[in-house]
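The next block holds one structure in the form of structure tokens; read it before the comments.
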Protein chains: 2
Amino acid sequence: MEGSSLENHKIDVEKNFKKYEKIADKLKAIAHPYRLCIVKGLIDGECNVTTIQECLNLPQSTVSQHISKLKSAGIIEGRRSGLEICYRVVDNDIIDVVKLLLND
Amino acid sequence: MEGSSLENHKIDVEKNFKKYEKIADKLKAIAHPYRLCIVKGLIDGECNVTTIQECLNLPQSTVSQHISKLKSAGIIEGRRSGLEICYRVVDNDIIDVVKLLLND
DNA sequence: TAAAAGTATTATTATATCTTAATATTACAA
DNA sequence: TTGTAATATTAAGATATAATAATACTTTTA
């Protein structure tokens with residue numbers, strides 16, 4: 001019984017390693033308390049960097065760096081509206097993951 | 001409309017920062033392609049380190065280090081059975097997250 | 001167009017993570 | 001009790017991530 005299952009797993013590993021890398025990258029993007037907080041905030045109601053910065057009480061450049069990582073990972077997108085840029089979470093898997101982990 | 005929502009978020013942030021840290025630590029534990037692969041393998045059918053090592057084609061100490069991190073994070077537990085140690089995933093949230101992310 | 005607000009980028013330092021060889025531990029068998 | 005298989009630990013170098021001050025960019029308004 002174990003032989004078949006392990007064989008399947010082995011094939012699965014080889015075939016899907018790129019997939020694991022992609023998902024790991026996404027997870028890495030939210031595996032930080034500030035970024036998790038930012039994502040949660042954006043899920044609850046999109047807002048701009050200044051607002052997030054005030055919430056977290058961090059230097060502007062720190063927040064911007066975290067925003068940048070989330071953007072690079074494809075988790076959030078921003079649209080400019082005048083001086084401000086409004087971000088929102090565009091990765092539905094990540095929305096599900098964050099809701100799953102925070103709603104206990 | 002925005003004032004109240006943002007106030008709530010601010011309070012939420014302060015109140016739940018420890019929670020964000022804990023969850024971020026869990027996510028960090030699985031935010032690595034090898035460890036994701038190990039967790040997925042253990043979800044599909046628990047097995048020992050040697051088997052995992054053969055699947056991933058990595059040095060034994062590398063696998064053992066990753067196993068160790070998952071164990072420290074409370075994601076897996078092992079029980080010895082003779083020479084082998086069988087690990088299994090004991091964190092149900094993580095099981096849900098991994099299934100969610102890999103079953104697309 | 002000059003100033004100011006909102007945001008991004010760069011550069012730097014500190015800290016953490018990753019990989020792996022070498023070594024140690026644990027349990028079983030001869 | 002020695003040898004061996006399975007796993008863990010240690011140590012070290014390489015790489016990546018984190019925080020933040022300083023600076024630059026972009027858009028609006030005066």
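A, B, ... follow the sequence lines: proteins, then strands. Residue 1 opens every chain.
- Under the side chain to side chain contact (heavy atoms under 4.5 Å, CB included) criterion, A/Gln65 pairs with no residue, sequence neighbours left out.
- Evaluation of the ring pair (Phe, Tyr, Trp, His ring centres under 6.0 Å) test over residues 38-75 of chain B, restricted to residues two or more places apart or in two chains, returns B/His32-B/His66, B/Tyr34-B/His66.
- Considering only residues two or more places apart in sequence or on other chains, A/Asn48 meets the side-chain hydrogen bond (donor to acceptor under 3.5 Å, both in side chains) condition with A/Thr51, A/Glu84.
- Within the structure, ring pair (Phe, Tyr, Trp, His ring centres under 6.0 Å) pairs that include any residue of residues 39-65 of chain B do not occur (at least two apart or interchain).
- A/Cys47 SG to A/Glu54 CD: the interatomic distance, rounded to the nearest 0.5 Å, is 10.0 Å.
- With sequence neighbours left out, B/Ser68 forms a side chain to side chain contact (heavy atoms under 4.5 Å, CB included) with B/Ser72.
- A/Lys26 meets the side chain to side chain contact (heavy atoms under 4.5 Å, CB included) test with A/Asp91, A/Asp93, A/Ile94; sequence neighbours excluded.
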Quick tally for nucleotides 12-19 of chain C: nucleotides whose base has a protein heavy atom under 4.0 Å get B, sugar-phosphate-only ones S, the rest -, giving -----SSS
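- Comparing B/Gln60 and A/Gln53, the nucleotide of DNA chain C nearest to each residue sits closer to the 5' end for A/Gln53.
- Following rounding to the nearest Å, A/Ile85 (CD1) and C/dA8 (C1') show an atom-to-atom distance of 8 Å.
- Listed by residue number, A/Leu83, A/Glu84 are the residues of residues 73-84 of chain A with a heavy-atom contact under 4.0 Å to DNA chain C.
- By the salt bridge (charged side-chain N to carboxylate O under 4.0 Å, His left out) test, A/Asp25 is found to be paired with A/Lys28, residues two or more places apart in sequence or in another chain being considered.
- Protein atom CD1 of A/Ile52 is 14 Å distant from nucleotide atom P of C/dG6, rounded to whole Å.
- Every residue two or more places apart in sequence or in another chain that forms a side chain to side chain contact (heavy atoms under 4.5 Å, CB included) with A/Lys71 is listed here: A/Ile76, A/Tyr87.
- Under the salt bridge (charged side-chain N to carboxylate O under 4.0 Å, His left out) criterion, A/Arg88 pairs with A/Glu77, sequence neighbours left out.
- Where DNA chain D meets chain A (any atom under 4.0 Å from a heavy atom), the bounding nucleotides read 5' to 3' are D/dT17 to D/dT28.
- The distance from atom CG of B/Asn57 to atom C1' of C/dT20 is 14 Å, rounded to the nearest whole Å.
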